[in-house]
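Heads up: the structure comes next, in structure tokens.
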Amino acid sequence: MKLVLTIVGVILILMGVVWILQGFNILPVGFMAGQMQYALLGAILVIGGIGLVAFSRRRRKAQAAPDNDAKGR
């Protein structure tokens, strides 16, 4: 599940970057070129993707911690 969350997060980041570039007309391909609402939506996707990757990585480390606590008891 952690791997799936990481992959989805990376895909969201990549999609967001493409949408930002299209919104700012740096990547003038398709109907999104030069339309600022897609740059804003791309930024939201990037932030969401970073959050998802951070959540999946944090979850991985949090699951390893209880094993260390169990040894001390």
Side-chain angles (χ1 to χ4, degrees):
M1 186 65 175
K2 293 170 261 183
L3 179 63
V4 172
L5 290 176
T6 302
I7 291 171
V8 170
V10 169
I11 290 171
L12 286 176
I13 292 168
L14 294 175
M15 278 179 48
V17 168
V18 169
W19 286 15
I20 290 169
L21 293 176
Q22 286 180 329
F24 286 129
N25 209 19
I26 295 171
L27 185 65
V29 178
F31 64 92
M32 291 190 247
Q35 300 203 17
M36 292 302 291
Q37 70 262 22
Y38 290 108
L40 178 63
L41 291 172
I44 292 169
L45 279 178
V46 168
I47 291 169
I50 290 171
L52 195 59
V53 170
F55 173 75
S56 70
R57 293 183 58 87
R58 178 182 163 126
R59 191 169 163 200
R60 184 176 306 146
K61 291 178 182 177
Q63 287 177 351
D67 292 336
N68 294 335
D69 291 340
K71 289 179 184 177
R73 292 183 188 184

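- Interatomic distance, OG1 of Thr6 versus CG of Leu52, reported as 7.5 Å (0.5 Å rounding).
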Report all side-chain donor-acceptor pairs from residues 30-39 shorter than 3.5 Å, counting only partners two or more places apart or in another chain.
from: Gln35; atom 1: OE1; to: Gln37; atom 2: NE2; distance (Å): 2.9
from: Gln35; atom 1: NE2; to: Phe31; atom 2: O; distance (Å): 3.3

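- Of the inter-residue distances, the one linking Leu12 atom CG with Ile50 atom CD1 reads 10.5 Å to the nearest 0.5 angstrom.
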Run the side-chain contact (heavy atoms from CB on, under 4.5 Å) test on Ile7 and Ile11 for me, step by step, so that the C-alpha distance in whole Å, both residues' side-chain angles and the decisive distance to 0.1 Å come before the verdict.
CA-CA 6 Å; Ile7 291 171; Ile11 290 171; 3.9 Å; yes

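- Within the 4.5 Å cutoff, the side chain of Leu14 has no heavy atoms near those of the Val18 side chain.
- Among Val10, Leu45, Val46, the one residue that satisfies the side-chain contact (heavy atoms from CB on, under 4.5 Å) test with Met15 is Leu45.
- In this structure, the side chains of Val17 and Leu21 come closer than 4.5 Å at one or more pairs of heavy atoms.
- Listed by chain and residue number, nothing satisfies the side-chain contact (heavy atoms from CB on, under 4.5 Å) test with Ile47 (two or more places apart in sequence, or in another chain).
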